[in-house]
Amino acid sequence: MFDVKWIRANPEAFDAGLERRGAEGQSQKIITLDDARKATVQQLNEWQETRNASSKQIGQAKAQGDEEKAQALLAQVADLKSKVQQGEETERLQTAELNDLLAGLPNLLLEDVPAGADENDNVEKSRFAEPRQFNFEPKEHYELGEQLGQMDFEIASKIAGSRFVVLKNGIARLERALGQYMLDLHTTEHGFTEVIAPLLVRSEALFGTGQLPKFSEDAFRTTDDRWLIPTSEVSLTNLVRESMLSHEELPLRFTSLTPCFRSEAGSAGRDTRGMLRQHQFYKVEMVAVTAPDKSLEEHERMLGCAEAVMKGLDIPYRVMRLCAGDMGATMMRTFDIEAWLPGQNTYREISSVSVAGDYQARRMEARYRDENGKPQYVHTLNGSGVATGRALIAVMENYQQEDGSIAIPKVLQPYMGGQTEISAAK
RNA sequence: GGAGAGGUGGCCGAGUGGUCGAAGGCGCGCCCCUGCUAAGGGCGUAGGCGGGUAACUGUCUCGAGGGUUCGAAUCCCUUCCUCUCCGCCA
């Protein structure tokens with residue numbers, strides 16, 4: 001959501017920003033709509049001013065028992081009522097048209113976001129560890145899982161359809177261990193507050209984080225008109241909706257382990273094998289709420305928190321700066337962490353860490369009082385820290401052994417009751 | 001699901017058709033007094049949009065959205081939320 005005043009003051013910058021997104025400039029259209037709206041409001045205000053003054057006099061006249069004067073005044077303002085009503089109706093329509101336009105616009109990108117059309121134009125920012133050299137042909141996670149008898153896509157599809165999985169035994173516990181490890185890391189080392197929040201949310205919440213109105217087809221909707229969260233970014237970010245925070249309580253940092261539900265509309269045929277792209281998956285999410293001048297450093301900090309998860313697991317990864325064409329609509333800058341997957345012989349996204357600026361805060365009416373007591377919109381950030389389903393894949397593929405068993409990373413062993421590997425037995 | 005009661009400023013809480021954007025309190029800010037650990041006094045203190053260099057000023061906002069009225073925090077309708085009792089239930 002944008003500040004129309006800012007667009008009025010910086011129309012070229014605004015249009016240039018949209019063009020970097022591959023969208024058309026909208027400043028002229030917005031300003032024209034806003035001009036019309038302003039003219040209506042101005043006229044309306046004049047009528048209301050007259051009406052209010054007269055009404056006050058009528059009240060005084062009646063209080064003094066001067067019925068004659070009251071009647072005379074009443075006659076004077078008789079036609080104002082319909083004018084005001086029409087003016088209000090016009091303003092309503094004009095405001096709605098303007099807001100609908102604004103609500104559908106993507107966020108502007110930060111200067112340092114690389115230009116580009118799609119993921120092939122993303123730019124590597126850093127890299128951790130070298131891919132392990134295998135003295136056998138590494139398998140993909142679903143081969144390993146199925147051979148272990150602990151990962152079952154067939155029965156899942158009978159129960160729920162495609163893009164679901166059933167995990168059992170050691171693999172199931174491994175995913176649980178990953179979630180525990182990540183949550184503990186973020187809460188004890190990184191200063192995040194653990195949260196359990198609703199998985200079903202109302203439309204307003206999805207609008208607040210920007211999934212609505214444009215991306216409704218990506219999420220599942222319930223028959224009672226709620227939505228399954230596509231990410232707990234929604235629940236966690238909306239924790240501050242419609243609130244007035246004080247500058248002392250910032251930054252706020254929340255983390256949560258939740259299932260995420262995505263319809264994956266439009267990704268038919270992509271990653272259909274295995275559990276890389278599912279309708280339901282677990283993810284540890286991090287959300288931060290900061291003062292505007294702190295959000296960029298928080299972005300780097302949050303990336304560090306996600307990287308710490310990967311370093312702890314000792315899984316090779318690279319950090320990518322997403323290019324303009326590959327970025328989500330609500331964000332100003334995004335860093336992806338891509339884990340090395342030996343079975344696929346490539347890096348795949350496992351975490352996405354983004355700064356939204358005040359884009360979401362404006363939609364949610366999330367503000368704080370700065371040091372001078374002035375209300376300001378907060379900045380919001382979110383990042384996966386990390387997707388446990390994909391982390392499971394990464395652990396399985398990177399820690400696989402020649403006999404098809406899977407070694408358990410050191411940091412996870414305490415969460416696995418001391419178990420050091422997953423084999424067909426357990 | 002049934003019956004009832006409510007939603008007011010950063011917070012609490014008055015206010016049932018006119019001078020109410022809203023008493024009072026808390027909190028916060030500035031100032032003063034006192035003088036010693038605990039208090040007293042004064043003033044100020046919502047947000048959005050618009051006009052003005054500014055002082056200031058117009059308008060809107062009392063959960064949200066409609067409506068009645070010359071005029072709505074106050075009346076009507078819809079909706080969301082909270083609380084109490086009953087029912088159901090992990």
Side-chain angles (χ1 to χ4, degrees), chain A residues 1-9 30-103 196-208 212 222-227 235 238-250 252 259 289 291 358 361-378:
Chain A
M1 211 68 170
F2 291 99
D3 182 1
V4 177
K5 274 197 281 191
W6 184 85
I7 295 172
R8 282 181 167 280
I30 289 164
I31 291 171
T32 303
L33 284 172
D34 194 48
D35 281 340
R37 203 198 100 257
K38 277 186 168 177
T40 303
V41 169
Q42 203 155 12
Q43 178 60 256
L44 180 60
N45 279 6
E46 280 173 33
W47 287 331
Q48 285 169 327
E49 184 177 359
T50 311
R51 183 202 65 191
N52 289 349
S54 301
S55 292
K56 205 167 268 189
Q57 287 178 28
I58 291 169
Q60 285 166 353
K62 290 207 168 180
Q64 290 161 9
D66 191 344
E67 200 52 41
E68 204 172 308
K69 186 179 174 192
Q71 288 304 322
L73 287 163
L74 272 174
Q76 274 180 33
V77 296
D79 68 320
L80 268 182
K81 187 185 168 183
S82 62
K83 281 187 179 169
V84 167
Q85 277 179 332
Q86 278 171 24
E88 285 176 338
E89 178 63 15
T90 305
E91 189 207 345
R92 212 173 288 150
L93 294 172
Q94 290 175 326
T95 302
E97 187 178 1
L98 182 60
N99 282 345
D100 287 350
L101 176 60
L102 291 173
I196 293 181
L199 307 178
L200 284 169
V201 299
R202 50 173 76 252
S203 298
E204 287 82 349
L206 280 171
F207 181 88
L212 291 181
T222 64
T223 52
D224 71 344
D225 218 21
R226 280 177 242 270
W227 302 80
S235 314
N238 276 281
L239 287 175
V240 296
R241 72 175 293 114
E242 294 162 53
S243 63
M244 183 70 75
L245 306 164
S246 79
H247 65 271
E248 287 104 341
E249 50 191 320
L250 299 179
L252 291 168
V289 178
D358 64 4
R362 287 177 180 278
R363 291 170 160 255
M364 295 188 302
E365 277 300 310
R367 294 174 299 171
Y368 80 109
R369 284 188 192 279
D370 65 17
E371 290 77 355
N372 303 314
K374 285 292 283 183
Q376 309 265 5
Y377 287 106
V378 296

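To find a chain, count down the sequence lines: A is the first, B the second, and so on, and within it residues start at 1. The basis for the numbers below is simple: all heavy atoms, side chains too, and nothing from hydrogens, waters or symmetry mates.
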Pairwise [atom1] distance, [M] and [N] [rounded to whole Å]:
| N | M | atom1 | result |
| --- | --- | --- | --- |
| B/C70 | B/C77 | C1' | 22 Å |
| B/C85 | B/C76 | P | 27 Å |
| B/U19 | B/G25 | P | 22 Å |
| B/C80 | B/G24 | C1' | 30 Å |
| B/C81 | B/A23 | C1' | 27 Å |
| B/G52 | B/G10 | P | 29 Å |

CA sep, side-chain torsions, deciding dist, call: A/Asp224, A/Arg226, salt bridge (Lys or Arg N to Asp or Glu O under 4.0 Å):
CA-CA 6 Å; A/Asp224 71 344; A/Arg226 280 177 242 270; 3.0 Å; yes

Does the structure place the NZ or CZ of A/Arg362 under 6.0 Å from the centre of the six-membered ring of A/Phe2, at an angle of no more than 45° from the ring's axis?
no

Are the side chains of A/Lys69 and A/Leu73 in touch, meaning some heavy atoms are under 4.5 Å apart?
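A/Lys69 vs A/Leu73: side chains touch.
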
5′-ward residue of the pair A/Asn52/A/Arg8 relative to RNA chain B:
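The residue mapped nearer the 5' terminus is A/Arg8.
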
Nearest-nucleotide comparison on RNA chain B, the residue closer to the 5′ end among A/Val77 and A/Ala53
A/Ala53

For A/Glu68, does the CD atom sit with more than 12 other heavy atoms under 6.0 Å from it, leaving out its own atoms?
no

Please indicate whether A/Gln85 has more than 12 foreign heavy atoms, meaning atoms of other residues, nucleotides or ligands, lying under 6.0 Å from its CD.
yes

Over all strands shown, is A/Lys374 touching base, sugar-phosphate only, or nothing at heavy-atom distances under 4.0 angstrom?
nothing

Look at all strands and tell whether A/Gln85 reaches a base, only sugar-phosphate, or nothing, counting heavy atoms closer than 4.0 Å.
sugar-phosphate

My understanding is that a pair needs two contacts under 3.5 Å, Watson-Crick or G-U wobble. By that rule, which nucleotide pairs with [N]?
| N | result |
| --- | --- |
| B/U82 | B/A5 |
| B/G27 | B/U45 |
| B/A72 | none |
| B/A14 | none |

Which is it for A/Asp34 and A/Arg37 under the salt bridge (Lys or Arg N to Asp or Glu O under 4.0 Å) test, yes or no, and what are the steps along the way?
CA-CA 5 Å; A/Asp34 194 48; A/Arg37 203 198 100 257; 2.3 Å; yes

Span of RNA chain B in contact with chain A (heavy atoms, under 4.0 Å):
B/G10 to B/C81

Kindly say whether A/Tyr377 contributes a backbone atom to a donor-acceptor pair with the side chain of A/Asp358 at under 3.5 angstrom?
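Answer holds: no.
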
